[in-house]
Amino acid sequence: MNSLPVRVRFAPSPTGFLHIGGVRTALFNFLYARQHQGKFLIRIEDTDTERSEQRFTHDIMSSLQWLGMGADEPILYQSKRLPVYQGIAEDLVSKGLAYRCTCTEAEVEAAREQLIKDGKKPMYARTCREKNHAAGDRPYAIRAKFPLSGATSFTDLIRGEISFPNEDLDDFVMIRSNGVPTYNFVVVVDDVEMKISHVIRGDDHINNTPKQIFLYDALRAPKPLFAHLPMILGQDKKKLSKRNGETSTNAYREQGYLPEALLNFLVRLGWSHGDQELFTMEEMIKLFNLESVQVSGAVFNTEKLLWIAGEHMKKADPGRLIRILKQDFSKAFSEVSLSSLDSGYALSLIPHLQPKVKLLSELAGQLDPLLDTGVREVDSSALKWNKDEAQKARIKEAIAGLRTEFQSRISGGAFENLRAAGVDHAGIDSILRAKCDRFGLKLGDLTQPLRLFVTGHPSASIGLFDLLPLMPWNSVSARMDACLKS
RNA sequence: GUCCCCAUCGUCUAGAGGCCUAGGACAUUGCCUUUUCACGGCAGUAACCGGGGUUCGACUCCCCGUGGGGACGCCA
């Protein structure tokens with residue numbers, strides 16, 4: 001359809017950590033670029049020298065990298081292009097498309113407040129519009145000489161035709177009196193410079209679009225296509241912000257969400273493909289389309305995010321999970337556990353844990369006590385056997401028998417664990433059931449204390465029968481001994 | 001206040017005039033399964049904002065109302 005090469009961009013301002021809404025905007029741009037074999041670019045909008053901070057730029061870039069959305073060309077920093085913007089603005093002044101304004105901020109502010117008081121739309125009074133101030137009349141700001149009549153309209157790829165009466169639009173400031181350009185101006189200058197073909201952004205920018213269209217015309221530059229995405233809302237249905245939800249991408253990473261889970265959740269906020277809920281990155285790239293993007297806002301629903309996280313956890317590669325655990329969750333492990341994270345034992349446990357946990361933090365919490373070699377302190381006060389001393393003695397007798405049987409299978413240390421000795425899940429099952437029959441116990445009588453001591457975790461998720469064959473025999477026997485002594 | 005946008009279960013959504021007795025997913029309720037927790041399986045509760053048109057026929061198209069959101073900065 002459109003033969004123009006697709007070039008899209010994500011243009012965050014480094015005034016805070018990467019916002020989760022920004023991630024979705026970046027994602028939709030990224031998907032669109034990949035699908036059309038186009039370029040996904042990043043531009044740092046740091047013209048607000050007061051609030052922009054380098055650490056936020058670093059945060060944004062590292063978060064995007066974590067999510068797998070890197071730029072296809074060098075990053076453009078607006079703060080490095082200040083003279084360019086000033087030159088272009090002065091040129092527009094000379095062409096009569098903009099003008100110098102010597103009104104002070106205080107004057108403009110006072111006028112605005114008066115208009116609000118009078119119940120009118122707060123707009124600049126255009127005091128300097130026809131004064132033709134010279135370049136020497138410093139300090140001055142440069143304002144757009146916006147047409148007074150007619151209408152400015154554009155066709156949004158998601159919403160269709162949107163039109164604004166020009167009389168409602170302000171002579172907005174392009175260059176501040178300190179020489180620093182403003183957002184609405186630099187956006188257009190840079191989108192032209194970067195040859196952006198599609199501007200895909202949040203719908204809070206719809207009202208900026210007519211101002212920007214004026215600038216494209218003033219610069220005699222071809223206009224890109226616009227697509228305005230619906231907002232992501234908090235539980236209160238208002239624009240998602242720190243007040244009504246967790247907005248920092250880092251927070252989700254720290255909580256243990258897999259990046260692909262976060263992306264999958266975000267892509268479904270405002271976009272759908274029939275009844276499909278789960279998508280891999282490849283599927284998203286293949287199936288994404290702007291036509292199926294929703295027009296109304298979407299509430300950020302943490303429960304569903306968690307469910308999606310669990311689904312992706314099941315599918316993740318075990319080796320990769322270990323790597324992420326080492327990199328991002330090392331604090332969740334004891335020194336010993338951390339050192340055995342690279343072992344075959346650790347890797348063998350992962351598949352048994354994957355269906356049971358949703359977050360990497362949970363995975364770490366489950367794994368840590370299993371990898372520890374010593375005996376983990378556990379609180380056994382809730383065990384049922386505490387209610388009946390005779391029963392407790394009988395259970396311990398059975399467990400002691402079990403230990404002896406396991407020991408003989410291990411052949412005095414010839415095998416590192418029960419699996420190596422030929423005892424698998426089914427083997428554990430039959431051995432335990434046989435013991436229960438012999439001692440007149442129910443399976444649960446035996447497994448409850450055994451599970452607590454062997455896992456070393458008050459609410460271990462892994463199946464005991466899965467764990468027993470895999471855990472190094474040294475650990476199993478030590479923990480069974482601890483159980484017998486309790 | 002002015003301008004712009006929007007409106008299907010609690011939430012994310014399917015629905016492009018008859019396929020709708022409105023489908024799926026999350027959450028929720030009940031049951032089953034079960035070595036704790038969980039997973040899983042089965043079943044259930046739950047929605048087209050209101051009013052006018054257009055049409056043989058509107059969840060779907062148009063208008064009005066109502067409601068919600070966004071924007072009105074020398075922030076981005």
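So that the names make sense, note that chain A is the first sequence line, chain B the second, and so on, each numbered from 1. Every heavy atom of this structure was used, including side-chain atoms; hydrogens, water molecules and symmetry mates were not.
A:Lys211 forms no cation-pi arrangement with A:Phe214, by the criterion of a distance under 6.0 Å to the ring centre and an angle within 45° of the ring axis. Both tests do not hold together for A:Arg129 against A:Tyr99: distance to the six-membered ring centre under 6.0 Å, angle to the ring axis within 45°.
A search for side-chain contact (heavy atoms from CB on, under 4.5 Å) contacts involving A:Gln235 returns A:Val299, not counting sequence neighbours. Annotation: side-chain contact (heavy atoms from CB on, under 4.5 Å) contacts of A:Pro458 (sequence neighbours excluded): none. Residues satisfying the ring-ring contact (aromatic ring centres under 6.0 Å, His included) criterion with A:Tyr124, sequence neighbours excluded, are absent altogether. In this structure, the side-chain contact (heavy atoms from CB on, under 4.5 Å) partners of A:Gln366, at least two apart in sequence or on a different chain, are A:Leu353, A:Val357, A:His457, A:Ala460, A:Ser461. The side-chain hydrogen bond (donor to acceptor under 3.5 Å, both in side chains) search around A:Arg243 returns none, not counting sequence neighbours. Residues passing the side-chain hydrogen bond (donor to acceptor under 3.5 Å, both in side chains) test with A:Lys121: none are found, sequence neighbours excluded. In this structure, the ring-ring contact (aromatic ring centres under 6.0 Å, His included) partners of A:Tyr257, at least two apart in sequence or on a different chain, are A:Tyr252.
Across all strands, A:Ala460 comes closer than 4.0 Å to base atoms (heavy-atom distances). At the heavy-atom level, A:Gln294 lies under 4.0 Å from the strands shown only through sugar-phosphate atoms. Within 4.0 Å (heavy atoms only), A:His425 reaches at least one base atom of the nucleic acid.
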Name every donor-acceptor pair, under 3.5 Å, that has one atom in a side chain of residues 20-28 of chain A and the other anywhere in the protein, sequence neighbours excluded.
from, atom 1, to, atom 2, distance (Å)
A:Arg24, NH1, A:Leu269, O, 2.5
A:Arg24, NH2, A:Pro230, O, 2.3
A:Thr25, OG1, A:Gly21, O, 3.2

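Stacking between A:Phe465 and B:U35 is shown: the ring centroid lies under 5.5 Å from the centre of the six-membered base ring, and the planes differ by under 30°.
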Letter by letter from the 5' end, nucleotides 21-31 of chain B scores (B base, S sugar-phosphate only, - none; protein heavy atoms under 4.0 Å) --BBBSS----
With sugar-phosphate taken as primed atoms, P, OP1 and OP2 and all else as base, the protein-contact string of nucleotides 68-74 of chain B at under 4.0 Å (heavy atoms; B, S, -) is -SBSBSB
Each nucleotide in nucleotides 58-67 of chain B should get exactly one letter: B, S or -. Can you fill that in based on protein heavy atoms under 4.0 Å?
----------
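Scanning residues 17-30 of chain A for heavy-atom distances under 4.0 Å to RNA chain B yields an empty list.
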After noting the C-alpha distance and the side-chain angles of A:Thr209 and A:Arg201, does the key distance pass the side-chain hydrogen bond (donor to acceptor under 3.5 Å, both in side chains) rule?
CA-CA 11 Å; A:Thr209 308; A:Arg201 66 205 336 180; 3.3 Å; yes
